Amino acid sequence: MIATLQCVVVDCPDPRALGALYHEILGGELADGEPPRVELTTPTGLRIAFQRAENHQPPRWPDPERPAAS
């Protein structure tokens, strides 16, 4: 095996709120990471980190003015 997925990182305007939502849905353990970041470890071991992104604007598909990746 070349690599393994260790963590998925999600940019968002409010890491605590989004982390709490996913915690309610998936369960697991929610912990503060390096600010401004919250990390969720699900019961299956998947780690999802929610980090604050200044001026976050979620992508709108297929809007070329706000692409999904930069």
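Note that this is a predicted model, so its numbers are computed, not measured.
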Phe50 versus Cys12, closest heavy-atom pair with distance | CB-SG, 4.1 Å
Which pairs, with at least one residue in residues 23-49 and sequence neighbours excluded, count as a ring pair (Phe, Tyr, Trp, His ring centres under 6.0 Å)?
-> none
Hey, which of Leu46, Leu21, Leu30 is the one that makes side chain to side chain contact (heavy atoms under 4.5 Å, CB included) with Leu40?
-> Leu30
hydrophobic_cluster_shared for Leu18 and Ile25, side chain cutoff 4.5 Å = yes
Of all heavy-atom pairs between His56 and Pro13, which one has the smallest distance, and what is that distance?
-> ND1-CD, 3.6 Å
Between Gly27 and Pro43, what is the shortest heavy-atom contact and its length?
-> C-CD, 3.8 Å
side-chain hydrogen bond (donor to acceptor under 3.5 Å, both in side chains) pairs touching residues 30-43, sequence neighbours excluded, are Arg16-Asp32, Arg37-Glu39, Thr42-Thr44
Answer whether the closest heavy-atom distance between the side chains of Arg52 and Pro15 falls below 4.5 Å.
-> yes
Test log, rule side-chain contact (heavy atoms from CB on, under 4.5 Å), inputs Ile48 and Leu26 | CA-CA 11 Å; Ile48 306 171; Leu26 300 173; 4.0 Å; yes
Please check if Val38 and Val8 belong to a single hydrophobic cluster, counting links between Ile, Leu, Val, Met, Phe, Trp and Tyr side chain heavy atoms closer than 4.5 Å.
-> yes
